[in-house]
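Step one of this worksheet: look at the structure below.
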There are 2 protein chains.
Amino acid sequence: MARSAAPALDRDRLVGAAFALLEEEGLEGLSMRRLAARLGVQAPALYWHIADKGELLGLMAQDIYAPAYAGVPHAAHWRDWLRGFGHALRATFATHRDGARLCASAPAPRDRDVADHAARIAAPLAALGLDQGRALAFVASVISFALGWASFEANGPMHDYLDEMLDFDESFDIGLKALVSGFADACPGR
Amino acid sequence: MARSAAPALDRDRLVGAAFALLEEEGLEGLSMRRLAARLGVQAPALYWHIADKGELLGLMAQDIYAPAYAGVPHAAHWRDWLRGFGHALRATFATHRDGARLCASAPAPRDRDVADHAARIAAPLAALGLDQGRALAFVASVISFALGWASFEANGPMHDYLDEMLDFDESFDIGLKALVSGFADACPGR
DNA sequence: ACCTGAACACCGTTCAAGT
DNA sequence: ACCTGAACACCGTTCAAGT
């Protein structure tokens, strides 16, 4: 009953090593060949487990976004939830080197059930009384802002000067607060 | 008095051809070798006119941003100016294929006088009564939002679904309005 | 089922050498 | 001053072949 040896690789080991490589070398250093070398394997071996580099980036992006959704503290109002989500996004982008750039360049997942995905994303806001249309629009706005801010902070055209002039954390907070409280105008009633 | 022939290349021709190539092939197709081929020249010739690909991307990013600043309609209030700027940014990102991705990935210019640059950016808002600190923070927020929105729209994790659910132009407008009107809270007095 | 070896069609960049 | 030829050190990906 000798079973054959377990495969050396699987998707989890692959993605894990990719994150380690990203941390050490940054996004430009994240090549399939280097990843293979770190795993003690030849580059083509990776293609048994994933279709192409785009899929790898997509898996990594999911792992970056996931804790942001999971990490939003309980909120009594959808505005509080959005603010919490914005801060969680900023934190998760900061956790991984080049995290925002990776998420911006990762292709959208192919096979995912997008309707289901969108429903899950809108769910926390729907539970707080927001219709799905507005919920998605607001979430999209907050993600865009956080994503854009991280890109801008990393290498925007006036980074050097802003670095002296501005507290990035505080200014992000101001922008996020403004964005979310401004959503009130787009909501009837309250 | 026979003068030597004019050089075949200069920075303007180079950047112009780069934009044409970008339009046809997208950001992944914008390689130094293809650019050289389109100009009827060998790749190393490009390096006489620019230091590296980063500099080329930086020049292109400037040409993308510039009309956004120039195209903001006259405004009586800094909030109107910011909204106009946001729409101008969205328009200019849409004008060039992969415009936002290019701007997000272009390295910051090296030699520029950043203090002067920032002062010029803040100037229209300063003329409308805003202090430079807030002016920069607000401009940074609007750029981040527009940049992030364009990235998100291009290949965000829920693009396919949003495409059916959401009018991107309208939702951008809602987000921009929310952001700008929310800045009132960060301003004392009015 | 899972991985290797060799190859294909590319990159950005450097540098001596030509004119 | 401006450009070529040849090279270096890489890429992502495919595919027959091995085990």
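Keep in mind that the numbers below use all heavy atoms, side chains included, and drop hydrogens, waters and symmetry copies. In this text the structure is predicted, and so the values were computed from the model without any measurement. Just so we're on the same page: letters track the sequence lines, and every chain starts at 1.
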Which pairs pass side-chain hydrogen bond (donor to acceptor under 3.5 Å, both in side chains) with one or both residues in residues 135-147 of chain A, sequence neighbours excluded? none

What stem regions, each of at least 3 consecutive Watson-Crick or G-U pairs below 3.5 Å, can be found for DNA chain D? C:4-8 with D:12-16, C:12-16 with D:4-8

Could you state the CG-P distance from A:Leu14 to C:dC2, rounded to the nearest angstrom? 13 Å

Rounded distance in Å - CG (A:Asp10) to P (C:dC2): 10 Å

List in chain and number order the residues that pass salt bridge (Lys or Arg N to Asp or Glu O under 4.0 Å) with B:Arg83, two or more places apart in sequence or in another chain; answer none if no residue qualifies. B:Asp80

Any salt bridge (Lys or Arg N to Asp or Glu O under 4.0 Å) involving residues 140-149 of chain B? Give me the pairs, sequence neighbours left out, ordered by first then second residue. none

Can you tell me if A:Trp48 touches the phosphate of C:dC2, counting only side-chain N or O atoms and a distance under 4.0 Å to OP1 or OP2? yes

Can you sort out the partners of A:Phe183 under ring pair (Phe, Tyr, Trp, His ring centres under 6.0 Å), two or more places apart, ordered by chain and number? A:Phe138

If you compare all heavy atoms of B:Ala18 against all heavy atoms of B:Leu56, which two are closest, and at what distance to 0.1 Å? CB-CD1, 4.0 Å

If I take atom CG in residue B:Leu46 and atom P in nucleotide C:dG12, what distance separates them, rounded to the nearest angstrom? 10 Å

Return the residues of residues 15-41 of chain A meeting this criterion: a heavy atom under 4.0 Å from some atom of DNA chain C. Order them by number, or give none. A:Arg33, A:Val41

Return the value, rounded to whole Å, for the distance between atom CD1 of A:Ile50 and atom C1' of C:dC3. 15 Å

Residues in side-chain hydrogen bond (donor to acceptor under 3.5 Å, both in side chains) contact with A:Asp131, at least two apart in sequence or another chain: A:Arg134

Can you tell me if A:His49 touches the phosphate of C:dC3, counting only side-chain N or O atoms and a distance under 4.0 Å to OP1 or OP2? yes

What pairs of residues pass the side-chain hydrogen bond (donor to acceptor under 3.5 Å, both in side chains) test when at least one of them lies in residues 16-25 of chain A, not counting sequence neighbours? A:Glu24-A:Arg38, A:Glu25-A:Arg34

Please collect all side-chain hydrogen bond (donor to acceptor under 3.5 Å, both in side chains) contacts where either partner lies in residues 93-108 of chain B, sequence neighbours excluded, each pair once. B:Glu28-B:Arg101, B:Asp98-B:Arg101

Any sub-3.5 Å donor-acceptor pair from B:Thr92's side-chain atoms to B:Ile64's backbone N or O? yes

Tabulate protein N/O versus nucleotide N/O from nucleotides 14-19 of chain C, keeping only pairs under 3.5 Å, one per line.
none

Length of the line joining A:Asp52:CG and D:dG12:C1', which is rounded to integer Å: 9 Å

Residues pairing under salt bridge (Lys or Arg N to Asp or Glu O under 4.0 Å) where one sits in residues 52-62 of chain A, two or more places apart or in two chains, turn out to be A:Arg11-A:Glu55

With rounding to the closest Å, how many angstrom separate the P atoms on C:dA9 and D:dA9? 23 Å

Can you sort out the partners of B:Glu170 under salt bridge (Lys or Arg N to Asp or Glu O under 4.0 Å), two or more places apart, ordered by chain and number? none

What is the separation between atom CZ on B:Arg13 and atom C1' on D:dC3, rounded to the nearest whole Å? 14 Å

Please give, in whole Å, the distance from C:dA7 P to A:Gln42 CD? 14 Å

